[in-house]
Amino acid sequence: MQRREPDAGEKRLTLLYFAWLAKKMRKESEQVIAPASVTDVASLLQWLGQYKRGATPLFQPERLRITVNKQFTEAFTRLQDGDEVALVPSSPSPPPTPDLI
């Protein structure tokens with residue numbers, strides 16, 4: 001599969017949440033429009049940590065396995081408009097998030 005260079009603007013992404021992350025986020029999937037600053041998996045995780053108040057501990061890279069379009073990826077994997085990103089916890093225990101609302 002060939003990927004083209006990512007666009008510099010906003011990206012529509014489908015996010016899939018699994019296990020305790022789905023419970024904490026109160027949904028199994030959602031469509032988001034990520035800002036232009038989200039260019040790769042690492043910047044997506046940083047943005048998601050700020051997306052919902054108190055969610056920063058949920059999106060630490062060491063807590064998750066990430067797939068982009070059903071392929072396991074690394075933090076440097078570039079994102080494109082229309083990508084599907086699955087966030088799978090690597091541990092059965094969620095981090096404490098007392099201020100998550």
State, to 0.1 Å, how close [X] and [Y] come at their nearest heavy-atom pair, and which atoms those are.
{"X": "Thr56", "Y": "Gly49", "value": "OG1-O, 3.0 Å"}
{"X": "Lys52", "Y": "Arg26", "value": "NZ-NH1, 3.9 Å"}
{"X": "Pro92", "Y": "Trp20", "value": "O-CD1, 3.5 Å"}
{"X": "Leu64", "Y": "Phe59", "value": "CD1-CA, 3.9 Å"}
{"X": "Ser29", "Y": "Tyr17", "value": "N-CD1, 4.3 Å"}
{"X": "Ala36", "Y": "Lys11", "value": "O-NZ, 4.2 Å"}

Residues which pass ring-ring contact (aromatic ring centres under 6.0 Å, His included) with Phe72, listed by chain and number, not counting sequence neighbours = none
Give a yes or no on this: more than 12 heavy atoms of other residues, nucleotides or ligands lie within 6.0 Å of atom CD of Glu30.
-> yes
Within 6.0 angstrom of Gln60 CD, more than 12 heavy atoms from elsewhere | yes
Could you walk me through whether Ile66 and Leu45 pass side chain to side chain contact (heavy atoms under 4.5 Å, CB included), step by step?
-> CA-CA 10 Å; Ile66 310 294; Leu45 292 178; 4.1 Å; yes
Can [Y] be reached from [X] by stepping across I, L, V, M, F, W or Y side chains whose heavy atoms are under 4.5 Å apart?
{"X": "Leu21", "Y": "Tyr51", "answer": "yes"}
{"X": "Trp47", "Y": "Met25", "answer": "yes"}
{"X": "Leu15", "Y": "Phe18", "answer": "no"}
{"X": "Val85", "Y": "Val32", "answer": "yes"}

Are any side-chain N or O atoms of Asp81 and backbone N or O atoms of Arg12, one a donor and one an acceptor, separated by less than 3.5 Å?
-> yes
How long is the span from the [atom1] atom in [X] to the [atom2] atom in [Y], to the nearest 0.5 Å?
{"X": "Gln80", "Y": "Asp40", "atom1": "CD", "atom2": "CG", "answer": "12.5 Å"}
{"X": "Glu84", "Y": "Thr67", "atom1": "CD", "atom2": "OG1", "answer": "6.5 Å"}
{"X": "Arg63", "Y": "Ser91", "atom1": "CZ", "atom2": "OG", "answer": "8.0 Å"}

Heavy-atom check, side chain of Leu87 versus side chain of Leu58, under 4.5 Å | no
